[in-house]
Amino acid sequence: MAVRRATETLESLPFATLPMRFFERLADRIATVDSVVSVGLDPDPARIPDFLADADLPRWAFNRRIIDATHEHAACFKPNAAFYEDADGWRALRETIAYAHGKDVPVLLDAKRGDIGNTARQYSSALDGDGLNADAITVNPYMGRDSLEPFLSRTEAGVFVLCRTSNSGGADLQDLELETGEPVYERIAALADLWNANGNVGLVVGATNPDELESVRETVPDLPFLVPGVGAQGGDVEAAVEHGLTAPQATNADGEVGLVNSSRGIIFAGEDAGETAVSADESAYFRAAGDSAKRLKRRLNDYRD
């Protein structure tokens, strides 16, 4: 279903200063670019092209070119914190988030945080303007609601709770059957719905398990999903759109909201195009990333219309 475009007044404001909840801002972004594509920014140092090796911050230099190539097709950028956990990496991540905001694209930090009170409060500072200034974050519900409260209480930030992940090992715990007969992942979905008092909660539900994606949607009709796994992991694109998008009832978001993520399939598309890390034509390498994001956008939109 097509969603309306944001008003000219909203589009003219810097993204990070919009006085709106995350899912309302995301709805406007989706409408502006007619896309639900989330581009994962996972700059594996071993795969960054050699022509960027001498940059001051190679990961930042790589991300900047990826953002330039893909932002017209991106509803969101999703950097994974694991690729930035060193001194230069945090610098690169701050630059990346600021640059994405300069293109009016929200940033979802894939950090999968969740810990006891004091620690969780420190983790949640990634959402602060004087921290990383991310717009949303992924969290791990294993330790229960109190471990997530510092995130949930930030009314303008998005909080995506891990529910049914796209990795094969996710079944080890997430598929276990409770005494009620429901699997763990459905209980997590139901709890996340209860935790959504501020209208800022979404779920992470992988596209590699389309039947389970459908069952989670039936459990929580109103929560937006972040759906990973449609790129290199080969998840079900049609199911990702059919069950991943919703019109959140707890916010004023106008139109369907949700994100379908691809990371390696987009950012390293230059490799698949024959542009290796050793001998790559710089323009061709990043053009391949832009083309990959555009193709995914069109594939997803085929099922949205």
Side-chain angles (χ1 to χ4, degrees), residues 1-3 23 26-27 29-42 66 69-80 105-106 108 110 136 138 158 160 162-171 174 185 189 202-248 253 255-273 287-305:
M1 178 174 79
V3 294
F23 289 118
L26 180 60
R29 177 65 189 177
I30 289 170
T32 297
V33 293
D34 191 25
S35 176
V36 294
V37 172
S38 165
V39 177
L41 298 176
D42 303 351
I66 292 292
T70 63
H71 71 91
E72 293 179 353
H73 313 297
C76 186
F77 286 113
K78 185 183 74 66
N80 189 309
V105 187
L108 164 56
D110 191 358
T138 59
F160 286 87
L162 294 181
C163 179
R164 183 60 178 98
T165 55
S166 58
N167 62 306
S168 58
Q174 297 161 19
Y185 68 84
L203 291 175
V204 180
V205 188
T208 52
N209 301 288
D211 291 340
E212 294 169 350
L213 180 60
E214 181 177 7
S215 72
V216 175
R217 174 52 71 211
E218 291 173 352
T219 301
V220 287
D222 299 330
L223 293 188
F225 292 174
L226 165 66
V227 184
V230 301
Q233 297 179 65
D236 189 314
V237 171
E238 182 176 5
V241 173
E242 181 178 356
H243 306 301
L245 308 183
T246 189
E256 290 185 317
V257 177
L259 293 166
V260 180
N261 185 79
S262 176
S263 300
R264 290 167 291 170
I266 291 176
I267 67 173
F268 296 122
E271 296 176 352
D272 296 333
R287 186 167 58 249
D291 290 345
S292 179
K294 184 177 183 179
R295 284 195 300 272
L296 179 57
K297 169 183 170 178
R298 287 177 171 174
R299 287 178 66 199
L300 295 171
N301 283 354
D302 283 344
Y303 297 108
R304 292 176 64 209
D305 296 335

By side-chain hydrogen bond (donor to acceptor under 3.5 Å, both in side chains) - contacts of S292 (at least two apart): none

Qualifying residues under side-chain hydrogen bond (donor to acceptor under 3.5 Å, both in side chains), relative to Q174, sequence neighbours excluded: R164, T165

Residue pair V105 / R29: nearest heavy atoms and the distance that separates them: CG2-NH2, 3.3 Å

For D110, all residues meeting side chain to side chain contact (heavy atoms under 4.5 Å, CB included), sequence neighbours excluded: K78, N80, K112, T138

D34 CG to H73 NE2 distance, which is reported to the nearest 0.5 Å: 11.5 Å

Sidechain-backbone polar pair: N209 side chain, E212 backbone, donor-acceptor under 3.5 Å: no

Over all atoms of both residues, closest heavy-atom pair of A240 and V227: CB-CG1, 3.8 Å

Exercise: identify the closest heavy-atom pair between V220 and A189: CG1-O, 3.3 Å

Shortest non-hydrogen contact between G206 and L213, atoms and distance: O-CB, 4.2 Å

R299 side chain to K294 backbone, donor-acceptor under 3.5 Å: no

Check: L223 main-chain N/O paired with T246 side-chain donor or acceptor under 3.5 Å: no

Minimal non-hydrogen separation, D42 against P79, with atom names: OD1-C, 4.3 Å

Donor-acceptor under 3.5 Å (S262 side chain, V230 main chain): no

Value rounded to 0.5 Å, distance of CG in L226 from SG in C163: 11.5 Å

Backbone of I267 reached by a side-chain donor or acceptor of R264 within 3.5 Å: no

Closest contact, heavy atoms only, T70 versus A289: CG2-O, 3.8 Å

Distance, nearest 0.5 Å, that separates CG of L203 from CZ of R217: 8.0 Å

Gap separating the CG atom of D236 from the OH atom of Y303, nearest 0.5 angstrom: 7.5 Å

Gap between atom CD1 of I266 and atom NZ of K297 - 0.5 Å precision: 12.0 Å

Test item: N261 and L259 side chains (from C-beta on) under 4.5 Å apart, heavy atoms: no

Residues which pass ring pair (Phe, Tyr, Trp, His ring centres under 6.0 Å) with F225, listed by chain and number, not counting sequence neighbours: none

Residues that N301 engages under side-chain hydrogen bond (donor to acceptor under 3.5 Å, both in side chains), provided they are two or more places apart: R304

With sequence neighbours excluded, residues passing side-chain hydrogen bond (donor to acceptor under 3.5 Å, both in side chains) with S215: Y185, E186

